[in-house]
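Here's the structure we're looking at; comments come further down.
Chain A is the first sequence line, chain B the second, and so forth, proteins listed ahead of strands; every chain is numbered from 1. Just so it is clear, the values below take in all heavy atoms, side chains as well, and ignore hydrogens, waters and symmetry mates.
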Amino acid sequence: MFYQPLSAASIRRFCQNQKFLVQHAVCKGDGSIKQSHPGNAAFADESYLCCSQKIKMFNKRTRIKELLAQEPAGQEVTVMGWVRTFRNNQFIALNDGSTNNNIQVVVTLGSQDDDFLKRITTSASLKVTGTVVPSLGKGQRMDLNATRIEILGDSDAEIYPLQPKKHSLEFLREIAHLRFRTNTFGSVFRVRHALAFAIHKFFNDKGFVYMHTPIITASDAEGAGEMFKVTTLPFDDTPRNEEGAVNFAEDFFGKATNLTVSGQLEGELGATAFGDIYTFGPTFRAENSNTTRHLAEFWMIEPEMAFSDLEDNMNLAEEFIRYIIRYAMDNNREDLEFLAQRLAEEEKQLPQEKRGELGLIEKLEFVLNNDFERITYTEAIDILRESNYNKKKKFQYPITGWGMDLQSEHERYLVEKHFKKPVILSNYPKEIKAFYMRQNEDGKTVAAMDILAPGIGEIVGGSQREERFEKLLSRMKDMHIPEEELWWYLDTRRFGTVPHAGFGLGFERMVQFVTGMTNIRDVIAFPRTPGSAEF
RNA sequence: UCCUGCUUAGCUCAGUUGGUUAGAGCAUCUGACUGUUAAUCAGAGGGUCGCUGGUUCAAGUCCAGCAGCAGGAGCCA
């Protein structure tokens, strides 16, 4: 079905022409049908028209991406889009977001009056009907010789902020609502879409169940980070209990609630019934993190697999990452090539040692064609200790020995200097990892794994989960995790527990890796960061 | 949260040792031209130099505080 707001006059005209069969007058607002009177405009005033797809649609248009793939043979088409540039009062570069490539609309000299031409400004929206012919110019294969141009929406050039020139990413962030109309963000968000689609396809093809874990959670025991509180309690005159603490018994849910920091614990409930599940949804962290790779609201993918161990987990993660990169390479080649060029130009500004050794496309191909390096935490410490970097005391944080937490400079050294490819680090000391990770036989380490990617750092964090009830419970006690709050989680270990494993992958970091964008705020439509929730 | 840097026209940036009326390119507007490729050419308009206070005869320039932005660190995905 297709909906289009129309003026009463347009509706009357369409109905009189009988080109369109008006099936329903649809009430504005909620979209519910108010009247059903074929061909009668009287009921459609200030309403939305709803036309059946079988009937000729008002907006029957050819996407510019599809048009550019055709042979120019004099065929008549209608395209709609936004003006990128208007040169010479004659050539309109029109873009509709289906591709970065524009269709060149040619306006015959003298066919339009000057006042009309002056309204063809950057980002004005047009409906153009014309014939497609081979271009006389050199920059493009085809021209659309316009026979009819309709301005759908004017764009005041004096105040429209985007210009046909290079803008800084910082400036575009301030106009995030318009930045999709640039080539860079067009490509980034088409690739983002492709990756999201590929994720669902990958898991669906493998028989995983897509599970919707809650956004609002009551447990604050996960320890994954600071949480945003969810409450309907008043800020002034907040109800208090006898001890003077906020009385959440009076709150909406009757208890304290937060936005989720992870769907993992709920995911484990699904995995211990369906076998294999995955989640893909928004996640929230109230950490005061101001970096190029943290967001307060981000999207996370969390598969969880029953009857699996750490190695199965690593295998899945590696296959998964390859699959979605391959999908983007196969389906968004043009966008990736544009982004590769953009990145190459950006890196020209940097000193030699800060530039990537490979171009974006080469980097992605390298990841597709080479196995990830798999090493244990213990091996990593040895490599770092023996490195020239350490001997020359180039690390800001010295390698103190086994048991230390790795700093990002250490991870970067392993990934970018030593192995020069993605690295899967496993079997960390239990002291520096979460309570639910499975304890290894050595009594010192847990079956955890992180995947580190060049330029991004940690992209995946996962583990085999502790399926043994007693071990899990004693670990929770050690770490002061209240078991009464997680009674439901512990039930999976009480009733038919199985070895299982899973991981979390930060979607935006993956999009960063694939698009080469260096700031995470440029791969999510409307970034939420400390002090910033515009749009 | 900590460290560092930045803030001058719509955008990207110059602005010397503190010294006359703060400049450029692009954009915008007006006009010209017309097969252009971020078109070109000519002209015009556009500034509380982030904010507050201080030093000085004199501050865009020096000092302090605050704010915003960016990069790095921590936390992590």
Return no unless some side-chain N or O of [X] is found under 4.0 Å from OP1 or OP2 of [N].
| X | N | answer |
| --- | --- | --- |
| A:Arg173 | B:G68 | no |
| A:Thr283 | B:A77 | no |
| A:Gln407 | B:G74 | yes |
| A:Lys165 | B:A39 | no |
| A:Arg87 | B:A39 | yes |
| A:Asn88 | B:U36 | no |

| field | Min side-chain heavy-atom separation A:Met211-A:Tyr278 under 4.5 Å | value | no
Across the strands shown, which category fits [X] at heavy-atom distances under 4.0 angstrom: base, sugar-phosphate, nothing?
| X | answer |
| --- | --- |
| A:Gln396 | nothing |
| A:Ser135 | base |
| A:Phe298 | base |
| A:Thr291 | base |
| A:Asn519 | sugar-phosphate |
| A:Leu136 | base |
| A:Tyr397 | sugar-phosphate |
| A:Ile159 | nothing |
| A:Arg293 | base |
| A:Glu170 | sugar-phosphate |

[N] [atom2] sits how many Å from [X] [atom1], rounded?
| X | N | atom1 | atom2 | value |
| --- | --- | --- | --- | --- |
| A:Glu409 | B:C75 | CD | P | 12 Å |
| A:Phe338 | B:A38 | CZ | P | 13 Å |
| A:Glu174 | B:G10 | CD | P | 13 Å |
| A:His294 | B:G72 | NE2 | P | 12 Å |
| A:Asp115 | B:C29 | CG | P | 13 Å |
| A:Asp143 | B:U37 | CG | C1' | 11 Å |
| A:Met142 | B:U37 | CE | C1' | 16 Å |
| A:Phe86 | B:U34 | CZ | P | 15 Å |

Gap in Å between the two [atom1] atoms, one belonging to [N] and one to [M], rounded:
| N | M | atom1 | result |
| --- | --- | --- | --- |
| B:C51 | B:A59 | P | 15 Å |
| B:G31 | B:G18 | P | 47 Å |
| B:A22 | B:G68 | P | 31 Å |
| B:A38 | B:C33 | P | 24 Å |
| B:G74 | B:G65 | P | 27 Å |
| B:A42 | B:G47 | P | 24 Å |
| B:G25 | B:U21 | P | 23 Å |
| B:G60 | B:G54 | P | 15 Å |

Could you tell me the Watson-Crick or G-U partner of [N], where both distances fall under 3.5 Å? Say none if there is no partner.
| N | answer |
| --- | --- |
| B:A73 | B:U1 |
| B:C66 | B:G50 |
| B:A58 | none |
| B:G43 | B:C29 |
| B:A38 | none |
| B:G18 | none |

| task | Show your reasoning for whether salt bridge (Lys or Arg N to Asp or Glu O under 4.0 Å) applies to A:Glu416 and A:Lys420. | result | CA-CA 5 Å; A:Glu416 289 161 21; A:Lys420 298 187 179 186; over 6 Å; no
Check the angle between the aromatic planes of [X] and [Y] and answer parallel, tilted or perpendicular using the 30° and 60° thresholds.
| X | Y | value |
| --- | --- | --- |
| A:Phe228 | A:Phe284 | perpendicular |
| A:Tyr489 | A:Phe435 | perpendicular |
| A:Tyr413 | A:Tyr389 | tilted |

For the side chain of [X] and the base of [N], is some donor closer than 3.5 Å to an acceptor across the two?
| X | N | value |
| --- | --- | --- |
| A:Ser289 | B:C76 | no |
| A:Asn290 | B:G71 | no |
| A:Gln163 | B:U28 | no |
| A:Arg521 | B:C69 | no |

| said: Need to verify one output field. Residue with the more 5' nearest nucleotide on RNA chain B, A:Asn145 or A:Thr85? | reply: A:Asn145
| remark: Of A:Thr518 and A:Lys118, the one whose nearest nucleotide on RNA chain B sits closer to the 5' end is A:Lys118
For [X] and [Y], indicate whether the former's side chain and the latter's backbone hold a donor-acceptor pair under 3.5 Å.
| X | Y | answer |
| --- | --- | --- |
| A:Ser463 | A:Arg465 | no |
| A:Glu409 | A:Tyr397 | yes |
| A:Ser532 | A:Thr529 | no |

| field | Nearest-neighbour nucleotide for the A:Pro164 side chain, B:A38, B:G74, B:C11 considered | value | B:A38
| Nearest listed nucleotide, side chain of A:Asn89, among B:U34, B:A77, B:U37 | B:U34
| Do you know the tightest heavy-atom contact between A:Trp402 and A:Ile381? | N-CG2, 4.1 Å
